Enquirer: 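Below you will find the structure I want to go over with you.
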Protein chains: 2
Amino acid sequence: MENDMTEPGSRRRVTIREVAERAGVSMATASRALSGNHPVPAATRARVLRAARDLDYVANAHARALVGGGRKMAAVVVRQVTSPFYAQVAEGVEAEAADRGWLCVVGATGGDPQREMEFVQLMREEGARLVILVGGVVEDEAYRERVAHYAQALDSTGARLVLCGRPAPDPEIPALVVEFDNEAGARAITGHLLSAGHRRIVFLGGLPGNTALDARVAGYRAALAEHGLPPEAARVVDCGLGRAAGLRAMGELLKETREFTAVVAGDDMVAAGALRAIADAGLAVPADLSVVGYNDIPLAEDFNPPLTTVRTPAEELGRAAVRIALRDPEHAAGSHHLLGTHIVVRRSVAPPPTDGGLTPV
Amino acid sequence: MENDMTEPGSRRRVTIREVAERAGVSMATASRALSGNHPVPAATRARVLRAARDLDYVANAHARALVGGGRKMAAVVVRQVTSPFYAQVAEGVEAEAADRGWLCVVGATGGDPQREMEFVQLMREEGARLVILVGGVVEDEAYRERVAHYAQALDSTGARLVLCGRPAPDPEIPALVVEFDNEAGARAITGHLLSAGHRRIVFLGGLPGNTALDARVAGYRAALAEHGLPPEAARVVDCGLGRAAGLRAMGELLKETREFTAVVAGDDMVAAGALRAIADAGLAVPADLSVVGYNDIPLAEDFNPPLTTVRTPAEELGRAAVRIALRDPEHAAGSHHLLGTHIVVRRSVAPPPTDGGLTPV
DNA sequence: CCCCTGAATGAAAGCGCTTTAACTTCCTCT
DNA sequence: AGAGGAAGTTAAAGCGCTTTCATTCAGGGG
């Protein structure tokens with residue numbers, strides 16, 4: 001089971017003892033010169049460094065962490081790294097961690113809570129000091145229990161827990177949450193559509209229980225209300241996220257009714273699916289139908305047409321997560337940070353066809 | 001400098017000694033029961049496991065690695081994780097590593113050799129047993145030296161080096177290379193265009209010195225030759241990779257000449273840029289111009305029109321890299337593996353407009 | 001001239017774990 | 001019945017490093 005590797009790791013490594021001997025000092029002095037934890041006269045240090053270089057000495061991070069009581073390591077956990085949005089968040093975390101000399105490991109769960117738990121456990125063993133869980137979830141009982149467990153478990157090993165784009169089930173829990181202001185973003189982009197003259201707007205991609213999406217739906221409804229529309233004017237299709245979902249739901253919706261002139265998608269990927277479904281139905285965007293997305297993934301401007309969407313600076317989210325976690329240790333428990341977003345106008349929105357004479361406000 | 005973290009890691013962790021005491025056995029027995037490295041009677045094991053659970057024991061991975069002489073850890077190094085192709089490769093590595101119970105860390109270099117070196121060094125300290133460098137490069141002297149250095153350095157710490165999509169400068173070097181057969185792929189997709197009747201095909205996105213791109217250019221030329229066209233029929237624009245490069249180069253090319261009916265792009269991102277430049281010039285794809293890409297990134301089917309391209313199973317590349325490295329330790333040095341690709345036909349290719357009467361073969 | 005202070009250094013303890021070598025038992029075989 | 005194992009268990013060694021504590025040596029003030 002283990003023998004699929006003919007131990008190449010068995011080569012003996014140079015230890016600090018050998019460096020010390022070659023430099024003619026004790027291990028203690030060598031250690032101090034190498035790690036810089038304690039001042040050492042320049043001449044001595046030079047001698048040690050020289051010896052280390054000559055011998056190609058490589059410090060053993062494990063020994064260091066063992067005696068030093070841990071190490072600077074952060075972990076990001078996402079559903080999948082191939083999702084453009086998650087990849088950007090992970091990159092932000094990695095970058096911010098690297099800036100501080102921290103090591104960063106990323107874990108992909110594929111959306112499986114089981115793997116998520118295993119990974120958290122692994123990070124406990126590895127001595128991670130920061131675990132960042134990224135991505136929206138539906139907040140059910142199982143989720144609450146899971147997070148409560150993580151928080152307790154990580155706290156007991158002295159690690160900090162950050163929830164990115166997902167809720168803390170209980171303000172008492174020692175976790176930090178950092179996320180975008182989904183409601184404000186959805187309100188703004190829906191307002192953009194309303195300002196262009198649209199009145200019958202559907203929200204495609206709800207996912208009841210998913211706090212991020214629920215917040216976007218709330219923002220969408222709020223915008224409608226702000227423009228004096230009755231609550232019945234809202235129409236939300238709970239098809240969930242992903243290109244496939246958008247493609248199917250949009251296809252079905254178009255078969256059922258044409259009583260709408262614009263759609264706000266739950267995110268850019270469902271917008272991608274919707275765009276295709278609309279094209280397949282022989283309709284044009286934005287001439288016949290306007291559509292907007294959410295997240296502004298890198299390829300959104302290559303959609304057909306280029307997508308008007310809400311820019312959520314994903315990399316900044318990742319950076320903020322580690323920055324805040326490391327800076328505000330006091331506020332970590334129950335602290336909640338909201339990041340702002342803004343609209344990126346491209347070419348997927350036009351005034352509605354029926355009142356084409358209207359000038360956009 | 002270090003004080004931006006009020007040591008939450010200082011909480012004392014339960015050690016195996018306490019577990020042993022509670023279970024009424026020695027540390028040795030507890031260790032064996034916990035790690036499974038040595039058979040232990042079921043009753044004893046149960047007692048130990050019970051004690052461990054009661055105490056919420058978390059093994060210290062560092063101590064384990066220290067005494068156990070290393071640990072199962074792989075590292076992938078890419079330019080950036082936000083590139084869809086690299087993300088997929090990384091995901092493949094992560095998945096294959098996870099399947100074997102290995103930990104996987106990913107590093108992003110941003111294309112900076114300096115950071116690449118630092119990361120390799122870090123991995124040596126961390127005791128990684130497998131380092132996978134991903135992504136094409138221009139093979140200059142600096143590159144050769146760098147790789148030779150990595151190979152030697154990693155070998156000295158007993159780690160294996162895998163080059164994914166980039167060349168080993170010297171067959172003697174202890175590195176394994178795993179990559180796609182770029183020449184065959186480019187030959188096939190160019191052949192597809194030729195079969196559709198195209199004769200004046202430009203290659204957009206060459207990058208002299210970059211071995212992957214050079215191979216694609218070679219495949220493109222080979223396909224032309226196979227179809228009886230003279231060498232002068234080849235036209236390659238060395239604009240490099242990326243959407244921006246494709247956008248600019250295509251724009252300029254169109255201003256200069258229209259003496260071509262199809263373009264094969266260096267990769268899908270170049271194709272994305274080209275598509276936009278063509279649309280901006282008021283031309284239609286594929287009616288006026290056919291274009292094909294390379295890699296089949298997840299969003300290629302959402303381009304306008306959906307892109308005909310070469311599918312390079314990126315995740316499989318990542319998986320293969322770790323599988324081969326771990327399976328064929330003998331052949332590791334100087335071993336070279338080529339992975340196959342295939343064409344994905346979508347809607348960006350049609351017969352050339354001038355000989356529209358031709359039926360595609 | 002001696003004692004005190006501080007800088008430079010070293011010996012040794014020990015981080016938490018695995019593993020070797022030794023030691024009991026308790027059978028089984030002759 | 002006694003030798004020879006096998007099986008279960010443990011004490012102790014040590015992985016490579018940092019750090020505490022002790023020691024040495026210079027220099028400066030009383």
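A note on names: the letters A, B, ... follow the listed sequences, proteins ahead of strands, and every chain is numbered from 1. In this text, all values refer to a predicted model and were calculated from it rather than measured experimentally. Every heavy atom of this structure was used, including side-chain atoms; hydrogens, water molecules and symmetry mates were not.
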Enquirer: Is the closest basic N to carboxylate O distance between Arg71(B) and Glu126(B) below 4.0 Å?
Expert: yes

Enquirer: Using a distance-only test with no angle check, is there a side-chain donor-acceptor pair under 3.5 angstrom linking Arg124(A) and Ser156(A)?
Expert: yes

Enquirer: For the side-chain contact (heavy atoms from CB on, under 4.5 Å) test, which of Ile132(B), Val322(B), Val93(B), Leu130(B) pairs with Cys104(B)?
Expert: Val93(B)

Enquirer: Could you tell me how far apart His38(B) (NE2) and dT18(C) (C1') are, to the nearest whole angstrom?
Expert: 12 Å

Enquirer: If you restrict it to nitrogen or oxygen atoms, what contacts under 3.5 Å exist between nucleotides 13-19 of chain D and the protein, and what is each distance?
Expert:
from, atom 1, to, atom 2, distance (Å)
dC17(D), OP1, Tyr57(A), OH, 2.5
dC17(D), OP1, Asn60(A), N, 3.4
dC17(D), OP2, Ile16(A), N, 2.4
dT18(D), OP1, Arg64(A), NE, 2.8
dT18(D), OP2, Ser31(A), OG, 2.7
dT18(D), O5', Ser31(A), OG, 3.4
dT19(D), OP2, Asn37(A), ND2, 3.0

Enquirer: Pick base, sugar-phosphate or nothing for Val40(B), based on heavy-atom distances below 4.0 Å to the nucleic acid.
Expert: nothing

Enquirer: If we ignore angles and hydrogens, is there a donor and acceptor under 3.5 Å between the side chains of Glu18(B) and Tyr57(B)?
Expert: no

Enquirer: Arg45(B) CZ to dA7(D) C1': how many Å, rounded?
Expert: 15 Å

Enquirer: Is Glu125(A) salt-bridged to Arg13(B), cutoff N-O under 4.0 Å?
Expert: no

